[in-house]
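Structure first, commentary second.
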Amino acid sequence: MKKSGKISTVQLSLIVITAVGLKNHVTILPHLLPSAKRDGWISVLLALGLILIWCLLLFYIHKSTGKTNIFVWVETNIGMASGKILSIATSIFFASLAAVSLKEMIVWTKVSYLPITPPILEIILFTGLCFFLASTNIQTIVITNTFVLTAVIVFGIFVAIANIQFKDFSLLKPIMENGWSPVVSGMIYPLSGLIELIVILFMQQKVHGQLKFKVFTLNAIILTWLILGPLIGSITEFGPLEASRQKYPAFEQWGLVTLGRFIEHLDFLSIYQWLTGAFIRVSFFLFLSLEVLSIKKKRSKTILLLAYSILLIVANAYSFSDVILYHIIGAFVMPITFWFFLAVSILLSIFVFSSNRRKRRPTSDVQENQKATVQAEK
């Protein structure tokens with residue numbers, strides 16, 4: 001690390017791959033497959049095209065605001081009230097996303113391998129770990145992420161290669177047998193995952209070196225691949241109908257993995273993938289919920305982080321059916337996530353445009369006065 005409290009663009013990209021990638025790799029598929037079926041991959045590619053255009057907007061905002069906390073910039077250049085309202089809303093939203101990710105992980109844990117363990121015990125222990133990681137600093141988070149992500153990538157490549165023998169790519173055809181309607185209706189789900197790339201903009205003050213446009217585009221492409229990989233794998237291994245019935249398609253693929261004739265049941269490795277992904281996502285989003293507020297005092301940060309953590313425990317302590325959770329995430333959380341972050345990015349771009357226009361106006365006025373003075377002298 002070249003500067004204290006700063007991280008590189010590579011480290012930022014790695015944490016985006018883990019934190020946002022968990023949603024793209026796991027949460028999106030159970031909703032995308034029933035909606036778009038075998039044409040889900042087309043929905044993902046179309047979503048990528050729209051996100052790449054949207055990345056131009058993010059880059060425009062970044063170029064105009066430099067390495068300043070984006071919400072501090074709004075307070076300084078637009079108004080204190082606008083900056084505070086926007087930062088508080090974003091902070092609460094990140095905390096809410098952390099709560100949803102925690103709930104989803106707890107439900108999956110109960111369904112898959114800890115059916116008797118009291119969920120409240122898991123919630124308290126997991127939230128406590130996330131609290132301690134989020135209370136450190138971004139350098140500690142990225143170092144922790146680098147260690148856990150290495151094994152996640154290795155396991156992901158392993159399951160993809162091990163299941164090649166079961167893949168039937170003819171199941172991806174016929175293409176668009178039901179027209180454009182399923183494709184378009186399915187786009188909201190990958191869009192809700194890819195739109196979380198906005199976290200790069202919210203972390204610009206923590207990055208040393210320049211954030212180039214390729215940082216946004218490369219992360220968008222990697223996150224898209226994290227959707228396409230398990231999506232195509234599920235369709236080609238189980239067929240579009242069976243894959244659309246599965247609650248966790250990405251992890252059902254682990255059930256097919258075998259090593260030779262005698263070694264199987266390697267799906268326990270998926271537990272590591274989900275737990276580490278959820279650990280980094282919840283911790284990073286809790287950290288971001290404080291970072292966007294630009295709180296200077298460490299004591300104030302700790303108190304707010306503790307409050308958010310307690311709210312996470314309370315919100316997740318209420319038990320309800322995994323079917324209800326599935327409906328809430330698909331019908332509300334994902335669409336709201338997309339429209340909220342899209343609205344924030346558009347609002348920020350309007351602020352930047354108006355600020356740049358005001359800065360150019362005095363310069364043009366001076367030039368006009370100089371021309372008038374020269375003409376008067378003549």
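The shown structure was predicted, so the numbers you read here are calculated from the model rather than taken from an experiment. All residue numbers in this chain count up from 1 along the given sequence.
With contacts defined as side-chain heavy-atom distances shorter than 4.5 Å, the pair Phe238/Leu256 qualifies. In this structure, Thr90 and Leu293 have side chains that are not in contact, with every pair of non-hydrogen atoms separated by 4.5 Å or more. A 4.5 Å side-chain heavy-atom check between Phe93 and Thr337 finds at least one atom pair inside the cut-off.
Taking Ile, Leu, Val, Met, Phe, Trp and Tyr as members and joining any whose side-chain heavy atoms lie under 4.5 Å apart, directly or through other members, Ile116 forms no hydrophobic cluster with any other residue.
More than 12 heavy-atom neighbours from other residues, nucleotides or ligands sit within 6.0 angstrom of CZ on Phe166.
Aromatic rings of Phe341 and Phe94 (six-membered ring for Trp) have centroids within the 6.0 Å cut-off, being under it.
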> Could you walk me through whether Val282 and Leu312 pass the side-chain contact (heavy atoms from CB on, under 4.5 Å) check?
Replying inline: CA-CA 10 Å; Val282 173; Leu312 254 66; 4.0 Å; yes

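By the 30° and 60° cut-offs, the orientation of the rings of His62 relative to Phe59 is tilted. Taking the six-membered ring where the residue is Trp, Trp108 and Tyr248 present perpendicular rings, their angle passing 60° and hence far from 30°. Using cut-offs of 30° and 60° for the angle between ring planes, the Phe158 and Trp254 rings count as tilted.
Looking only at atom types and distance, the side chain of Ser91 has a donor-acceptor partner in the side chain of Tyr308 under 3.5 Å away. Side-chain contact, Thr27 with Glu104: a donor N or O sits under 3.5 Å from an acceptor N or O.
The residues Arg281 and Glu196 are annotated as salt-bridged, a charged nitrogen and a carboxylate oxygen being separated by less than 4.0 angstrom. A salt bridge is defined here as a Lys NZ or Arg NE, NH1 or NH2 lying under 4.0 Å from an Asp or Glu carboxylate O, and Glu177 with Arg38 meets this definition.
The only member of Glu252, Gln253, Gln246 that meets side-chain hydrogen bond (donor to acceptor under 3.5 Å, both in side chains) when paired with Ser234 is Gln253.
No donor-acceptor pair under 3.5 Å is formed between the side chain of Thr127 and the backbone N or O of Ile124. With hydrogens and angles ignored, the 3.5 Å screen pairs no side-chain donor or acceptor of Ser35 with any backbone N or O of Leu32. Judged by distance alone, the side chain of Ser64 and the main-chain N or O of Ile61 form no donor-acceptor pair under 3.5 Å.
Under a hydrophobic clustering in which Ile, Leu, Val, Met, Phe, Trp and Tyr are joined whenever their side-chain heavy atoms come within less than 4.5 Å, directly or via other members, Trp339 and Val344 fall into the same cluster.
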